[in-house]
Amino acid sequence: MYKSKITRLKSAVLSGVIAVTAAVGSMSAAVTSPQATADAAESNNYARLLQYSLYFYDANMCGDNSTGGLSWRSSCHTDDEVPGGFHDAGDHAMFGLPQGFTASTLGWAYYEFGDAFDETGQTAHLKNITNHFCEFFKKSTKLSGDTVTNFLYQKGDGTVDHSYWGPPEKQGRREMFWTSNGASDIAAEYAAALAANYKNFGNAEDLKYAKALYKFSKQYNQAASNQFYGSNSVADDQAWAAGWLYIATGDSSYLNDSKNFPKVGWVHGWNDTHLGAACLYGENAKDWSSANGFISSKAQGSNYMFLDKWGSARLNCSMQFTALVATKHGAGNYTDWAKGQMNYILGNNPANTCFVTGFASNSAKNAHHRAASGYSSYSEFDMNNWNPDGNHMQPFCQYGGNSHTLIGALVGGPCDASGSYHDNMADYICNEVAIDYNAGLVGAAAGLYHFYKTGSIDSNINGVTKIYSETYIPPTTQSTQSEIVTQAPVTTTEPTVTGTPGDGYIEYKANQKVVYEQGMEMIGWEWADLGVGAKDKVSKVEVNISTNKSSLGKWQGAFGTSTTVAADKYWTMTKDMQETFSGNKGTITWEIPSSTSSIIQTQYNGELKFGVWWIDCGEFTIDSIKIYTDGSSTQTTTTTTTTQAPTTTTQPTSISLPPTKLGDANCDGSVNIADAVLVMQVATNPDKYDVGKSSKSITATGKANADVNFDGRITNQDALLIQKFKLGLITSF
């Protein structure tokens with residue numbers, strides 16, 4: 001059974017400055033049996049909800065914050081023995097259970113509803129977050145071969161941490177908590193997160209650590225001794241991890257382990273992953289009886305699902321997420337129920353408050369969050385925030401003058417079944433925010449978008465420096481130039497070996513330097529120039545890269561291939577790249593399915609394309625490209641390799657339109673992300689953005705330009721095609 005978060009006292013103000021009361025005058029609302037209906041204004045903008053919900057992780061990012069997207073956060077705690085990870089909540093301590101649970105649940109959201117992230121342009125953001133988690137997990141794990149010898153399961157002493165109120169950038173180094181024979185629950189959660197990240201984004205090192213941590217967890221079977229996050233068992237965590245390892249490897253031993261979850265009796269959460277494990281078992285073994293037995297008992301009716309006063313909204317969102325997963329797999333239909341519950345969360349409730357910060361005009365304003373609050377000590381708000389309430393004085397804490405808008409954080413929400421809520425910074429029961437809270441919100445938002453396809457993302461958010469779309473283009477620099485340093489031809493001749501059928505490969509010595517800027521388009525080579533025979537079927541591509549920086553760091557990109565047959569264009573693309581990086585060198589691998597390989601016809605100038613959406617290192621060199629074929633061309637061939645002396649070319653991130661103006665939805669003479677955003681707005685909100693509806697409406701000419709697939713309608717499919725044209729993934733509509 002779930003242990004309430006109150007047992008950890010994680011955000012109690014230890015100095016005794018604040019005493020939270022049961023009600024705060026006009027900030028409290030109580031209505032009997034509040035209904036969750038499905039018609040609240042703006043409540044179905046699930047694209048925007050998904051976009052906003054991810055920014056809370058930027059607010060809580062720890063260590064190197066160079067990839068964060070908020071103007072008011074920077075790197076912090078870089079002197080910790082193991083830097084990285086994410087702050088737990090409104091404090092800065094980092095406990096292993098919510099870290100692992102959050103990362104694995106975010107990975108689950110993408111695994112189940114990747115289309116929602118892809119279509120709204122949020123995949124790069126999600127990958128940035130889960131990679132940051134997983135890099136921390138790997139740095140927290142000391143390996144000898146495939147055996148864990150020491151394991152960091154907690155960073156920061158909770159009592160010491162909670163005595164500090166201020167920004168994380170000014171907090172000192174924290175204590176590390178290691179174990180060589182315990183914390184099996186946390187090790188399993190980390191293993192689940194790493195296996196999910198491997199499945200989603202293909203970093204082979206993630207799987208290596210996932211297997212080792214799972215083995216470590218089963219070897220000791222001992223829960224961690226934690227200050228605030230006590231665990232009731234390790235069996236649920238291990239079943240959850242085993243389910244992910246089966247998905248990642250197909251090894252039946254993991255499937256057998258994954259069925260050992262205890263009886264499902266609570267919502268999927270940091271201390272109870274029974275339901276999550278049961279859902280994975282339902283998918284993997286086609287047996288949804290355990291998972292759906294619990295889901296069907298809770299996901300019903302129109303009232304707000306209230307299970308516990310501490311973080312009731314996060315429990316509700318987590319249940320929405322798992323119910324939508326079950327719906328996707330045919331184990332019931334809970335879409336209307338989830339939609340109604342989310343309407344309540346977004347403001348259709350007795351408190352008339354949106355429980356997602358920064359999302360709406362009536363969003364909670366005073367979340368319990370040190371970094372956003374604008375205060376640097378307890379004494380600052382102790383002296384200035386005592387407001388009268390009725391006939392007595394009690395603490396009502398608001399943000400200070402130096403505060404920041406916390407974007408996309410799910411607050412605790414109603415503290416009783418009647419809907420009572422206090423937008424009070426001091427009330428850490430109603431107004432706490434935490435990384436595990438948002439994990440369920442992200443999953444629910446993605447699931448709702450998957451089923452309803454409604455809403456559009458914002459192209460400008462106050463305090464946000466990185467707006468993610470299909471590829472990130474800074475809002476203020478959409479017309480900037482991206483530079484690719486290539487080289488003037490120098491011809492050498494090198495043999496390439498195709499070998500025997502099934503084992504042959506061709507290695508192309510590229511030696512091509514790339515200076516990366518966000519918004520850069522895909523780099524391409526004709527298959528014929530790479531030495532691929534006209535009859536060869538390519539099965540795998542490896543791109544070997546290196547950098548003169550200290551490391552390649554985090555990576556986001558994709559492969560694609562095309563061929564031209566007469567006037568028709570054929571294109572296929574994948575984001576399922578596998579990355580094996582070590583320091584400043586690495587290999588990026590694309591396993592090409594036979595259906596894709598069959599369209600590579602080198603006699604029609606087919607191309608290999610390699611796209612880089614976002615990286616850490618800034619510049620890199622493509623050292624070589626190794627292409628594996630099925631050996632249909634059995635002879636050993638000789639190819640001409642082109643290396644290059646430096647010359648510089650620039651490519652605009654906006655692409656000029658052909659004379660037809662096709663794709664130019666806003667009629668500004670070029671095709672870019674702004675056109676795609678406008679098309680999505682028209683597609684999802686025609687009553688607001690269609691011709692003549694408002695000052696932001698599309699024009700009749702723009703609407704004609706926007707129908708790029710010629711089906712007589714304006715849909716999200718048109719927006720996706722415009723984005724692909726912008727990225728160079730297609731060359732015409």
Q | Spacing of OH belonging to Y452 relative to CG belonging to D336, to within rounding of 0.5 Å | A | 4.5 Å
Q. Side chains of S43 and N343: is there a donor and an acceptor less than 3.5 Å apart?
A. yes
(Q) If the test is side-chain hydrogen bond (donor to acceptor under 3.5 Å, both in side chains), which one of K138, Q578, K199 qualifies with D206? (A) K138
Q: Rounded to the nearest 0.5 Å, what's the gap from CG on L106 to CD1 on I129? Could you check?
A: 6.5 Å
(Q) Would you compute the distance between atom OG of S363 and atom CZ of F355 and round it to the nearest 0.5 angstrom? (A) 10.5 Å
Q) Sub-3.5 Å donor-acceptor pair from the side chain of R370 to the main-chain atoms of P167, do we have one? A) no
Q: Report yes or no: is the cationic atom of K609 (NZ for Lys, CZ for Arg) closer than 6.0 Å to the six-membered ring centre of F559, at no more than 45° off its axis?
A: no
Q.
Over 60° means perpendicular and under 30° means parallel, so tell me whether F113 and H450 are parallel, tilted or perpendicular.
A. tilted
Q.
Looking only at side-chain N and O atoms, does D58 offer a donor or acceptor that is under 3.5 Å from a partner on H125?
A. yes
Q. How many angstroms lie between atom CE of M319 and atom OH of Y334, to the nearest 0.5 angstrom?
A. 9.5 Å
**Q.** Exercise: do T102 and D436 side chains pair donor with acceptor under 3.5 Å
**A.** no
Q) How about N128 and T67: does a side-chain donor come under 3.5 Å of a side-chain acceptor? A) yes
**Q.** Residues forming a ring pair (Phe, Tyr, Trp, His ring centres under 6.0 Å) with F117, sequence neighbours excluded
**A.** Y110
Q: Spell out, as yes or no, whether a donor-acceptor pair under 3.5 Å connects the side chain of Q122 to the backbone of Y468.
A: yes
Q. Any chance the side chains of W240 and S104 put a donor and an acceptor closer than 3.5 Å?
A. yes
Q) Distance from I345 atom CD1 to N348 atom CG, nearest 0.5 Å? A) 11.0 Å
Q. Do F86 and C62 pass the side-chain contact (heavy atoms from CB on, under 4.5 Å) test, and can you show the C-alpha distance, the side-chain angles, and the key distance before you say yes or no?
A. CA-CA 5 Å; F86 289 82; C62 186; 5.8 Å; no
Q) If every non-hydrogen atom of V679 is compared with every non-hydrogen atom of A719, which pair is closest and at what distance? A) CG1-N, 3.7 Å
Q) Salt bridge check: are K703 and D718 linked by an N-O gap of less than 4.0 Å? A) no
Q) Would you say K339's side chain and L448's backbone share a donor-acceptor pair under 3.5 angstrom? A) no
Q) So which heavy atom on A323 is nearest to which on A299, and how close? A) CB-CB, 4.3 Å
Q | Side-chain heavy-atom pair I467, D458 within 4.5 angstrom cut-off | A | no
Q) Can you tell me if K453 uses its side chain to pair, donor with acceptor, with the backbone of F451 under 3.5 Å? A) no
Q: Take K139 and E205, measure what salt bridge (charged side-chain N to carboxylate O under 4.0 Å, His left out) needs, and give me the verdict at the end.
A: CA-CA 12 Å; K139 290 175 182 177; E205 193 177 59; over 6 Å; no
Q: Taking all heavy atoms of I592 and all of V541, pick out the closest pair and write down the distance.
A: CD1-CG2, 3.8 Å
Q) Does some side-chain heavy atom of V411 sit less than 4.5 Å from a side-chain heavy atom of E432? A) no
Q.
For N333 and T327, which I'm curious about, is there any donor-acceptor pair between the side chains at under 3.5 Å?
A. no
Q: Please lay out, stage by stage, how W270 and E189 fare under the test side-chain contact (heavy atoms from CB on, under 4.5 Å).
A: CA-CA 9 Å; W270 63 265; E189 289 294 330; over 6 Å; no
Q: Take H268 and F321 through the ring pair (Phe, Tyr, Trp, His ring centres under 6.0 Å) test and state the conclusion after the steps.
A: CA-CA 9 Å; H268 179 63; F321 174 36; 7.3 Å; no
(Q) Taking the side chain as everything from C-beta on, heavy atoms only, tell me whether L50 gets closer than 4.5 Å to I457. (A) no
Q | Pair N60, H369: side-chain N/O donor-acceptor within cut-off below 3.5 Å | A | yes
Q | From CA spacing to verdict: side-chain hydrogen bond (donor to acceptor under 3.5 Å, both in side chains), T123, D118 | A | CA-CA 5 Å; T123 297; D118 293 345; 2.4 Å; yes
Q: Compare all side-chain heavy atoms of F610 with those of V514 and state whether any distance is below 4.5 angstrom.
A: no
Q. What's the verdict on side-chain contact (heavy atoms from CB on, under 4.5 Å) for Y209 and F137, showing C-alpha distance, side-chain angles and the deciding distance?
A. CA-CA 9 Å; Y209 276 82; F137 298 158; over 6 Å; no
Q. To the nearest 0.5 Å, how far apart are CD1 in I545 and CD in E579?
A. 8.5 Å
Q. Is the closest side-chain donor-acceptor distance between N316 and Q320 under 3.5 Å?
A. yes
Q) Is there a donor-acceptor contact under 3.5 Å from the side chain of Y111 to the main chain of I247? A) no
Q. Among side-chain atoms of N197 and N131, is any donor-acceptor pair under 3.5 angstrom?
A. yes
Q | G455 to N45 - nearest heavy-atom pair and separation | A | CA-OD1, 2.9 Å
Q.
Looking at Y46, I'd like to know if the NZ or CZ of R48 sits under 6.0 Å from its six-membered ring centre while staying within 45 degrees of the ring's axis.
A. no
Q) With a 4.5 Å limit on heavy-atom distance, are the side chains of L441 and F56 in contact? A) no
(Q) Would you say that I461 contacts Y52 through its side chain, given a criterion of any heavy-atom pair below 4.5 Å between the two side chains? (A) yes
Q) Is a donor on one side and an acceptor on the other found under 3.5 Å between the side chain of S318 and the backbone of R314? A) no
Q) Would a distance-only check, ignoring hydrogens and angles, find a side-chain to backbone donor-acceptor pair under 3.5 Å from E169 to S75? A) no
**Q.** Non-hydrogen side-chain atoms of N438 and Y55 separated by less than 4.5 Å
**A.** no
Q | Plane angle bin for H92 and H77 - parallel if under 30°, tilted between 30 and 60°, otherwise perpendicular | A | tilted
(Q) Using side-chain heavy atoms (C-beta onward) and a distance below 4.5 Å, is Y190 in contact with F133? (A) no
(Q) Under a 3.5 Å distance rule, please check whether N200 uses its side chain to pair with a backbone N or O of G107 as donor and acceptor. (A) yes
Q: Go through I407 and T357 one step at a time and tell me if the side-chain contact (heavy atoms from CB on, under 4.5 Å) criterion holds.
A: CA-CA 6 Å; I407 301 295; T357 62; 5.8 Å; no
Q. If you look at every heavy atom in I722 and A676, which pair is closest and at what distance?
A. CG2-N, 4.0 Å
Q) Has the side chain of T454 got a donor or acceptor atom that lies under 3.5 Å from a matching backbone atom of N44? A) yes
Q) Is the backbone N or O of G586 less than 3.5 Å from a side-chain atom of T580, with the two atoms forming a donor-acceptor pair by type? A) no
Q.
On a heavy-atom basis, which atom in L406 and which in A367 lie closest, and how many Å separate them?
A. CD2-CB, 4.0 Å
